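Inspection log for the structure reproduced underneath, given as structure tokens.
So that the names make sense, note that chain A is the first sequence line, chain B the second, and so on, each numbered from 1. As the structure is a computational prediction, the values presented were derived from the model and not from experiment.
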Amino acid sequence: MEALAGGVRSYRRVGQFSLRLYIAGDTPASQRARENLQRLCERHPFPIEAIVIDILRKPALANKARILATPTLICEHPTRAKRVIGDLGDIEKVVEFLGLQQRDVEP
Amino acid sequence: MSDSTGARIGPPEKIPTGIAAFDELTMGGLPRGRATLVGGTPGSGKTVFATQFLAHGIAARGENGVFVTFEEAPQDIEINMRGFGWDLAQWRREGRLAFVDVSPPEDDHVVIGEFDLSGLLSRIAHAVDSVKAKRIVVDSITQLFDHFIGAEMPLRRELFRVSAALRKMGLAVVMTAERSAEYGEITRHRIEEFVADNVVIMRNVLHSEKRRRTIEVLKLRGSSHVEGEAPFTMVSGQGIVATPLSSLRLEQQSSTVRITSGNPRLDEMCGGGFFRDSVTLVSGATGTGKTLLVTHFLAGGIAAGERALMLGYEESRGQLFRNALGWGIDFEAMERDGKLAVVCTYPEAQGLQAHLLTIQRLVDEYKPSRIAIDSLSALERISSETGFREFLISLTSFIKKREIAGLYSATSTSLIGGQSVSEQHISTLTDSIILLRYIQQDQTMHRGLMVLKMRGSEHAKEIRQFTIDGSGMHLGAAFDSAPDLFAGGAENNNP
């Protein structure tokens with residue numbers, strides 16, 4: 001388990017989100033998913049706790065989260081968890097599905 | 001890990017499934033290092049088949065297993081399968097069985113971008129490794145397509161990859177898949193085309209208000225198998241029990257030893273009695289004396305020192321015992337002496353396949369040297385025509401294999417003559433046929449008996465008159481002129 005590149009930015013606010021990205025080894029899809037997650041976090045107005053888990057090294061965690069496909073992003077939420085399967089290729093859609101806020105991106 | 005299968009030339013090793021008849025159909029079981037798809041409509045028994053395959057490996061062969069479930073939670077499977085005598089929870093605790101739980105999580109989910117099933121594959125590999133599994137079940141693949149609506153193409157590619165990986169691990173793989181109809185396309189999404197070497201179909205057909213379960217091997221790559229549907233039943237404490245028809249070859253030895261029919265005059269008509277391992281049908285309208293002939297048959301055997309078993313489907317034990325006593329035969333005393341067992345069951349109490357299993361169990365427990373079934377017509381009532389024919393073939397073959405003398409009774413639909421369905425079904429299967437008929441002569445109704453067929457022996461061809469009194473059946477002289485027994489007499493036209 002590792003924090004996302006950029007160091008400790010896991011100050012989760014009450015009622016905010018916690019993201020877990022499950023990947024299987026260092027594949028191109030894993031790499032794309034990591035990069036997309038990084039960008040997603042950067043565009044968010046508040047810090048988000050985001051952790052990347054390689055299931056090849058932590059199979060027990062994959063079992064616990066019942067991971068089927070990889071990459072899978074699980075968004076823990078107090079009321080209802082959501083999961084996004086795939087390399088998060090369309091960030092707008094991910095943001096919309098997870099109901100995240102978005103900071104205005106300068107051109 | 002897979003060198004035993006990869007390096008071998010020739011067909012892969014087959015491993016037994018625990019369903020004896022299925023192993024006969026596949027001529028040894030399912031091949032190792034191959035994937036078998038089991039297709040069926042909901043409720044056709046796929047999960048039971050798959051679990052039995054694992055359970056047999058664990059309990060009887062020392063081969064551990066992995067159960068990958070896409071549908072039910074592992075706890076539910078453990079509860080549901082307990083009734084068949086498989087303690088999955090115990091095996092799980094002992095490290096002989098591992099579940100991979102991929103039953104749908106309750107989270108909302110969506111597919112955005114490209115994905116693969118490495119998550120699934122690595123979890124399976126982990127489970128296989130943890131119990132050193134030899135067999136694996138994936139139940140059911142179809143469920144996956146409902147997880148990934150709109151992503152069918154990558155899913156197919158990924159399933160192909162998963163299936164190939166499991167085979168490469170040297171596992172014997174059973175995957176289940178849903179079918180939408182009993183006949184028609186093999187599975188929804190045509191899964192069989194890309195994941196399986198072998199295809200098995202399970203059916204649960206409702207035909208004229210009767211359920212008929214069958215299992216069929218559609219394809220067994222690189223290996224031969226028996227064609228056609230084999231009927232099966234699900235038995236608590238055992239699982240699936242099937243009867244392959246084609247394996248019932250006519251290879252039984254024919255005995256030349258004669259035994260008594262229980263009536264000396266009838267023995268004479270048959271050229272010295274029935275054969276030791278023959279099956280005889282006695283057919284007649286209601287009240288012509290079929291049960292009496294059955295009673296003589298049992299008593300005659302017992303008098304000669306044999307053990308006899310009677311299966312009644314029409315009358316209660318009380319009635320049968322009272323009837324027998326009325327003809328001077330004491331069933332109760334015979335049972336007390338351990339010479340006779342009379343078992344009466346309502347035909348409707350269970351399906352025909354289950355009846356067959358009951359009969360086989362009774363025979364193996366009681367070990368009689370003659371058996372009577374009164375009557376087939378009652379059993380015919382509860383089944384479809386095909387089902388009944390299969391039952392008869394299985395039963396007759398079983399009786400002959402055990403070298404027991406069998407007597408079946410069947411009720412003709414018309415009082416005077418005519419061939420009933422049972423007769424048509426069974427005439428080619430039984431060795432001998434005895435007809436009992438009412439025969440009208442000069443304003444009087446008589447009873448007549450005729451030996452219609454006696455395989456491998458001379459027999460009397462004429463119709464003998466007989467009477468019934470307090471000491472049973474008495475055969476007399478032949479009729480001078482009797483009407484046609486099959487069509488009914490000219491004066492007794494049947495519709």
Between chain B and each of A/Ala24, A/Ala29, A/Ala62, A/Ala60, count heavy-atom pairs under 4.5 Å; write down the option with the most. A/Ala62
For B/Asp76, check side-chain hydrogen bond (donor to acceptor under 3.5 Å, both in side chains) against everything at least two apart and list the hits. none
List the residues meeting side-chain hydrogen bond (donor to acceptor under 3.5 Å, both in side chains) with B/Thr51, not counting sequence neighbours, and say none if there are none. none
What residue, out of A/Leu88, A/Asp90, A/Asn63, has the most heavy-atom pairs lying under 4.5 Å from chain B? A/Asn63
Could you look at A/Tyr22 and say if it's the side chain, the backbone, both or neither that has a heavy atom under 4.5 Å from chain B? neither
First locate atom CZ of B/Arg123, then atom CG of A/Leu68, and finally report the distance between them rounded to the nearest 0.5 Å. 7.5 Å
Residues 114-122 of chain B: residues contacting chain A (heavy atom under 4.5 Å, by number): B/Glu114, B/Phe115, B/Asp116, B/Leu117, B/Ser118, B/Gly119, B/Leu120, B/Ser122
Per-residue contacts, residues 91-103 of chain B versus chain A, heavy atoms under 4.5 Å: B/Asp101, B/Val102, B/Ser103
